[in-house]
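First the structure, in the form of structure tokens, and then the observations on it.
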2 protein chains.
Amino acid sequence: MPDATIRDVARLAQVSVATVSRALNGLDNVSDLTRTRVSDAVRELGYVPHAGARSLSLSRTNAIGVVLPDLHGEFFSELVRGLDREASRSGYLLLLSNLHRGGEQAALALSAMRGRVDGLLVMAPHLREAELSATLPSGIPAVLINTRDERGGRPALHLDNRAGVRAVVEHFAAGGRKHLVHIAGPRGNIDAEERAEAFVEAAKANGLDHVIAQGDFEEESGEAVVKDLLAKGHRFDAIFAANDNMAIGALQALNEARVDVPGKVAIAGFDDIPLARHLGLTTVSVRISELGERALARLLNALVEEDAGGDELHAPELVIRRTTDPKVAK
Amino acid sequence: MPDATIRDVARLAQVSVATVSRALNGLDNVSDLTRTRVSDAVRELGYVPHAGARSLSLSRTNAIGVVLPDLHGEFFSELVRGLDREASRSGYLLLLSNLHRGGEQAALALSAMRGRVDGLLVMAPHLREAELSATLPSGIPAVLINTRDERGGRPALHLDNRAGVRAVVEHFAAGGRKHLVHIAGPRGNIDAEERAEAFVEAAKANGLDHVIAQGDFEEESGEAVVKDLLAKGHRFDAIFAANDNMAIGALQALNEARVDVPGKVAIAGFDDIPLARHLGLTTVSVRISELGERALARLLNALVEEDAGGDELHAPELVIRRTTDPKVAK
DNA sequence: CTGAAAGCGCTTACAG
DNA sequence: CTGAAAGCGCTTACAG
């Protein structure tokens, strides 16, 4: 037996479908008697409104499309958690589409959203503005997250890498560190690049000696960099890795070499993954679920009024632990 | 300017909407000339089909509803990753709905899915079968994940806690351990209860001395349990914690007390969180993304043919590391 | 090969 | 307060 429709309810309640619709939507132009008859029929039939049909009528779906690249665990779950929290607060559902491969597939993923969602949240780090704009549906509001959007025409949210890096470097300076090393993330990654640039800037601004070593965001690369520096006898008293994984690798290399941390060398990372807390690693917490919440809130707002566009920076937070500060308990 | 519809395309291509529909869907009863005219018009207008309208016509949405409780990071992201992988392979999108609060809200969340999805994947650990059945829409196929489903009437997937626990206990036995401690998870949690029961069973089957201590899945509780056992002078040579967090707490307590691990005491956990690998903790890997994939595959199958219902067990895997075996490298 | 028409399950002016 | 009818944007028998 197929699901009951509004017609079945109308027949049972002996009213028109229009009346059922009004009663169900709580309009006030329905008599009490009719309202009761309708809700009785609804209950008897186990009727649940067909959201798809409703959307088509109303040109409103109460769903938000979320298009993400392949993200690693913590980042993905925190982002979706933030999106979902804000969405469910306003009665929206999230329609998820992961970009497993890049390019071509992005266009398809976005097309598939047409007619299913009221707005789009897009994170596409490998696409440039031009490609993205060609792909994004025109009729539907979209907010970009952490995407390369040089023109800045569209509403977008970015992690404020610069602010995070500055906080780390200033923390180093305040601790009397003079010779900094930055272990950079992979080339082509926008966050990695911003962090490296900001590092140089901040080191200069604080009059600190600084050098950049190339890593790739993996733990092993952090370890390798430090071993290499030690082998070469390079002099340094602080390491800032572009993410926690590499910082942890660096920490291991120093521990193995019996270099005192933070006595001789301070170490800081970026991300604040759970392991960072466990190891007492000073880092920059990105609070990614808050970024998600903000992004969704902005999108919902764009649904009701024009969004002027432009970047909104999401400030991360420096979390000081014992790899930079011996006074910190755990 | 609102988005172009199929009528706009028809007008521009000077054909009927029926013909446009046929051309777009690749039916063969369309002349080449017509087909070209249609695709030209589509391109010129930037037309993208309205998936919502299409769904209503076809009674098929190509979306799967996913209803989950509030899950912690790793578990959530891995599960969704598995679901998404399998879904996108078959051209399905995922419609996400998190159950922030229990009970009442579940019914709403499920109703909201009506007419938006072709099938439902539900994980609702706090609901019993009866409540769930009252809530689940009848017309639409649903697969349950790790849910209390005593009757077993519906298609469901469960983590095979029993098999995982058995593997741990047998590994202990093979290593010559005789006096086991199980740190249990919180009461009322189905996984925790299954693991505790299976522990007792397996210990008996292997003729091992065994005792259960109450924990709550948090690291601190594992630590507290071990401190307490040591203080009381309780004799044990192996600890199996119901999850990795508690195992890690237990490990810390032993390290502080200078108890040799694994020399004097072996420790194993459950879950295989990233930190477990890092600390060399023997554990049971739940491979949760595979569970997700399987669940979705089963649901997709239920869309085309009747699912007989009943449980499918997902076998976890024992990962042996140095907290139980000194011979293991890292 | 193509078009006119009915239908998917709702909502909402319009008329009464 | 209520109903008949048109419409949301598609698909698909039916006829030609």
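Convention: sequence-line order gives letters A, B, ...; per-chain numbering from 1.
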| With a non-hydrogen cut-off below 4.0 angstrom, is Thr34(A) in contact with a base, only sugar-phosphate, or nothing? |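 The answer is sugar-phosphate, as Thr34(A) gets under 4.0 Å only of primed atoms, P, OP1 or OP2.
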| Looking for any heavy atom pair under 4.0 Å, which part of the strands does Asp28(B) touch: base, sugar-phosphate only, or nothing? |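 It contacts sugar-phosphate atoms only.
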| query | Around atom CZ of Arg7(A), are there more than 12 heavy atoms of other residues, nucleotides or ligands at under 6.0 Å? | reply |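 Counting other residues, nucleotides and ligands, CZ of Arg7(A) stays at 12 neighbours or fewer.
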| request: Please say whether more than 12 non-hydrogen atoms of neighbouring residues, nucleotides or ligands are located less than 6.0 Å from CG in Asn29(B). | output: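 Atom CG in Asn29(B) is crowded, with more than 12 foreign heavy atoms closer than 6.0 Å.
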| Working for salt bridge (charged side-chain N to carboxylate O under 4.0 Å, His left out), residues Arg43(B) and Asp40(B) | CA-CA 5 Å; Arg43(B) 198 165 319 114; Asp40(B) 286 350; 3.5 Å; yes
Protein-nucleotides 13-16 of chain C N/O pairs under 3.5 Å:
unit_1, atom_1, unit_2, atom_2, d
dA13(C), N6, Arg22(A), NH2, 2.9

Could you pull out all donor-acceptor pairs under 3.5 Å where a side-chain atom in residues 14-22 of chain A meets a protein atom, sequence neighbours excluded?
unit_1, atom_1, unit_2, atom_2, d
Ser16(A), OG, Ala18(A), N, 3.4
Ser16(A), OG, Thr19(A), N, 3.2
Ser16(A), OG, Thr19(A), OG1, 3.2
Ser21(A), OG, Asn25(A), ND2, 3.4

| query | Can you check whether Asp160(A)'s main-chain N or O pairs, donor with acceptor, with His158(A)'s side chain at less than 3.5 Å? | reply |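 Such a contact is absent between His158(A) side chain and Asp160(A) backbone.
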Shortest non-hydrogen contact from [X] to [Y]?
X: Val42(B); Y: Val9(B); answer: CG2-CG1, 3.9 Å
X: Met123(B); Y: Ile145(B); answer: CG-O, 3.5 Å
X: Leu157(B); Y: Arg294(B); answer: CD2-CB, 3.7 Å
X: Arg114(A); Y: Pro49(B); answer: CG-O, 3.0 Å
X: Leu93(A); Y: Ser97(B); answer: CD2-CB, 3.8 Å
X: Pro316(B); Y: Leu159(B); answer: CB-CD1, 4.4 Å

| query | Closest nucleotide of DNA chain C for Gly52(A) versus for Thr19(B): which of these residues is on the 5' side? | reply |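 Nearer the 5' end of the strand: Thr19(B).
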| query | By a strict heavy-atom criterion of less than 4.0 Å, which residues belonging to residues 42-51 of chain B are in contact with DNA chain D? | reply |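 Residues of residues 42-51 of chain B under 4.0 Å from DNA chain D: Tyr47(B), Pro49(B), His50(B).
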| said: Any residue in residues 57-65 of chain B with a heavy atom nearer than 4.0 angstrom to DNA chain D? Just list them by number, or reply none. | reply: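 Heavy-atom cutoff 4.0 Å gives Ser57(B), Leu58(B).
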| Got a minute to check which stems DNA chain D is part of, using Watson-Crick or G-U wobble pairs under 3.5 Å, three or more consecutive? |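 DNA chain D forms these stems: C:1-3 with D:14-16, C:5-12 with D:5-12, C:14-16 with D:1-3.
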| request: Return yes if a side-chain donor-acceptor contact under 3.5 Å exists between Ser289(B) and Arg85(B), otherwise no. | output: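 There is such a pair (donor and acceptor under 3.5 Å, judged by atom type) between the side chains of Ser289(B) and Arg85(B).
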| query | Between dC10(D), dT11(C), dC1(C), which nucleotide has the shortest distance from any of its atoms to the side chain of Ser31(B)? | reply |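 Taking heavy atoms from C-beta onward, the closest nucleotide is dC1(C).
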| Distance between the C1' atoms of dG16(C) and dT12(C), in whole angstroms? |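 Nearest-Å result for dG16(C) against dT12(C) at atom C1': 16 Å.
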| How would you list, by chain and number, every residue that makes a ring-ring contact (aromatic ring centres under 6.0 Å, His included) with Tyr47(B), sequence neighbours excluded? |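 Result, ring-ring contact (aromatic ring centres under 6.0 Å, His included) vs Tyr47(B): none returned.
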